[in-house]
Visitor: 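I have a structure I would like to understand better, so I am pasting it below and will then ask my questions one at a time.
Note that this is a predicted model, so its numbers are computed, not measured.
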Amino acid sequence: MKWLQNGKDEDKRVDDGSKRKTKRTLCFLGIVCIIMGGMLYAASPLMSWLIFLGIIMLVGSFRMKVRQHAGGKKAKYEYEGNLVHITYPAKPTVDKFYFIGSDCSKIIQDVVNDGYLNFEKFEQTNNGQVRMTFSTDFSREQLQRQHDNRDRAFGGKSFAKMPDYYNDTPQTVGHIFLTEGEPYQKKEEVYSYDEYDIYKDGTKVRTEQRNKRFSHYAMVTYQQVTTTYNFFNLDETPFCDKTGRQLSVSTTEIKERDRKRL
């Protein structure tokens, strides 16, 4: 009903394929065997074989290589009817997002290689984070065929010739433009600490800071720097969405330029 109300096509998500299903099944069964073996080992040490079986399954699962989306876990893919929404980066690193133009180009090409050729729209959702939407005009059977061909190519097996829209290298590039704001100064308090090395069993594990106390004032010079990635096709024409907007993503940071003790 949601897709009908929004005018979307039927769900076109493809089947993951037997190799991915086998990998997930081995991982799940391996964990179950290890847990069950651990529970039964107390009653009968002979049940340790179940633990070893689980370990073998987990190792087999980890060693089984399958093709992943470009960007891996750094990008989030959401499928809705004939649309795919990609959020990149999906999660912040520490306390902010880190956008890499070359990674975004690889993600775009990966989506196109899957058969989602139409760049519908985009929006910057956070500082250095973008959400892009692509659509496809292909049938589910055509998308499945392309998915399976790419999996076979990843596995080194023979496969049918890739379609014209497929390319091994990204066909977009992000050009960087820097914008620097006016420097400004801020008086800050500087504190000193006593540092203590913490050891465990004769090995240093960490250093702790204690006895915080005021040391002096410092005049610190800061500057706001904005890095903007404007995306172009390889022929240097702007890479635009369906509305004609060029894909552009910016990140803003406050950088320390100078520090003087008062």
Side-chain angles (χ1 to χ4, degrees), residues 11-80 84-100 102-111 113-116 129 131 140-141 143-160 162 166 168-170 197-208:
D11 187 0
K12 293 188 176 181
R13 280 176 292 188
V14 298
D15 185 85
D16 285 342
S18 59
K19 194 171 184 179
R20 288 180 181 81
K21 293 176 181 177
T22 301
K23 181 181 177 71
R24 288 196 295 264
T25 301
L26 283 176
C27 184
F28 173 76
L29 291 178
I31 294 173
V32 170
C33 286
I34 291 174
I35 294 175
M36 292 298 296
M39 294 172 61
L40 296 174
Y41 180 79
S44 174
L46 294 177
M47 297 305 295
S48 61
W49 68 269
L50 201 57
I51 299 176
F52 292 125
L53 177 62
I55 293 174
I56 292 173
M57 288 183 176
L58 280 180
V59 172
S61 171
F62 295 150
R63 291 177 61 87
M64 189 175 293
K65 303 298 183 181
V66 295
R67 179 177 62 87
Q68 301 291 340
H69 279 305
K73 295 180 180 180
K74 294 182 179 179
K76 180 181 180 181
Y77 290 73
E78 301 172 275
Y79 292 88
E80 178 188 9
V84 57
H85 309 285
I86 306 103
T87 303
Y88 170 76
K91 297 179 180 179
T93 301
V94 187
D95 60 351
K96 58 185 175 180
F97 293 91
Y98 286 94
F99 181 90
I100 301 176
S102 57
D103 284 352
C104 188
S105 291
K106 293 176 183 178
I107 290 170
I108 293 170
Q109 191 60 47
D110 189 50
V111 170
N113 287 345
D114 276 344
Y116 289 81
Q129 183 187 47
R131 177 179 167 88
R140 183 174 181 178
E141 289 72 21
L143 294 176
Q144 186 70 57
R145 191 179 308 120
Q146 176 64 0
H147 174 274
D148 295 342
N149 279 343
R150 295 192 67 192
D151 274 1
R152 283 193 287 270
F154 177 80
K157 297 181 180 179
S158 60
F159 59 96
M162 288 294 182
Y166 179 90
D168 286 325
T169 58
D197 294 333
I198 307 302
Y199 292 84
K200 183 177 181 180
D201 298 329
T203 302
K204 180 180 175 180
V205 293
R206 66 181 183 276
T207 299
E208 291 186 355

Visitor: Can you list the steps and then say if Ile107 with Tyr77 is a side-chain contact (heavy atoms from CB on, under 4.5 Å)?
Guide: CA-CA 10 Å; Ile107 290 170; Tyr77 290 73; 3.6 Å; yes
Visitor: Using the salt bridge (charged side-chain N to carboxylate O under 4.0 Å, His left out) criterion, which residues pair with Glu208? Sequence neighbours excluded.
Guide: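 So Glu208 forms a salt bridge (charged side-chain N to carboxylate O under 4.0 Å, His left out) with Arg206, Arg210.
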Visitor: I'd like to check the ring pair (Phe, Tyr, Trp, His ring centres under 6.0 Å) partners of Phe99; sequence neighbours left out, ordered by chain and number.
Guide: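 With sequence neighbours excluded, Phe99 shows a ring pair (Phe, Tyr, Trp, His ring centres under 6.0 Å) to Tyr88, Tyr229, given in chain and number order.
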Visitor: To the nearest 0.5 angstrom, please state how far the OG1 atom of Thr93 sits from the NZ atom of Lys74.
Guide: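 Taking OG1 in Thr93 and NZ in Lys74, the distance rounds to 7.0 Å.
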Visitor: Could you list the residues that satisfy side-chain contact (heavy atoms from CB on, under 4.5 Å) with Ile34, not counting sequence neighbours?
Guide: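 Applying side-chain contact (heavy atoms from CB on, under 4.5 Å) to Ile34 gives Ile55, Leu58.
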Visitor: List the residues meeting side-chain contact (heavy atoms from CB on, under 4.5 Å) with Lys76, not counting sequence neighbours, and say none if there are none.
Guide: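 For Lys76 the side-chain contact (heavy atoms from CB on, under 4.5 Å) partners, ignoring immediate neighbours, are Glu78, Thr87, Ala90.
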Visitor: Can you list everything that forms a side-chain contact (heavy atoms from CB on, under 4.5 Å) with Thr169? Sequence neighbours excluded, please.
Guide: Asn167, Gln171
Visitor: Does any non-hydrogen side-chain atom of Asn149 lie less than 4.5 Å from one of Arg152?
Guide: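 Sidechains of Asn149 and Arg152: in contact.
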Visitor: Tell me, please, which residues at least two apart from Asp110 pass salt bridge (charged side-chain N to carboxylate O under 4.0 Å, His left out).
Guide: Arg150
Visitor: Closest approach of Leu143 and Gly115, non-hydrogen atoms and distance?
Guide: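 So the two residues come closest at CD2-CA, 4.1 Å.
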Visitor: Of all heavy-atom pairs between Ala70 and Ala75, which one has the smallest distance, and what is that distance?
Guide: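 The pair with the smallest heavy-atom distance is O-CB, 4.3 Å.
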Visitor: With sequence neighbours left out, write down each residue that passes salt bridge (charged side-chain N to carboxylate O under 4.0 Å, His left out) with Lys96, or none if nothing qualifies.
Guide: Glu253
Visitor: If you compare all heavy atoms of Leu50 against all heavy atoms of Gly37, which two are closest, and at what distance to 0.1 Å?
Guide: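 For Leu50 versus Gly37, the nearest heavy atoms are CD2-N, 3.6 Å.
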Visitor: Where the side chain of Gln146 meets the backbone of Asp114, is there a donor-acceptor pair that is under 3.5 Å apart?
Guide: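 Answer holds: no.
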Visitor: Which residues pass the side-chain contact (heavy atoms from CB on, under 4.5 Å) test with Lys204, sequence neighbours left out?
Guide: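 With sequence neighbours excluded, Lys204 shows a side-chain contact (heavy atoms from CB on, under 4.5 Å) to Asp197, Tyr199, Thr207, given in chain and number order.
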Visitor: Side chain to side chain donor-acceptor pair (under 3.5 Å) with Tyr166: which residues, sequence neighbours excluded?
Guide: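 By the side chain to side chain donor-acceptor pair (under 3.5 Å) rule, Tyr166 matches Asp168.
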Visitor: Of all the heavy-atom pairs spanning Ala153 and Met162, show the shortest one and how long it is.
Guide: CB-CE, 4.3 Å
Visitor: Identify, with sequence neighbours excluded, every residue that meets side chain to side chain donor-acceptor pair (under 3.5 Å) alongside Gln109.
Guide: Asn113
Visitor: How far apart are the closest heavy atoms of Phe97 and Lys91, and which atoms are they?
Guide: CE2-C, 3.5 Å
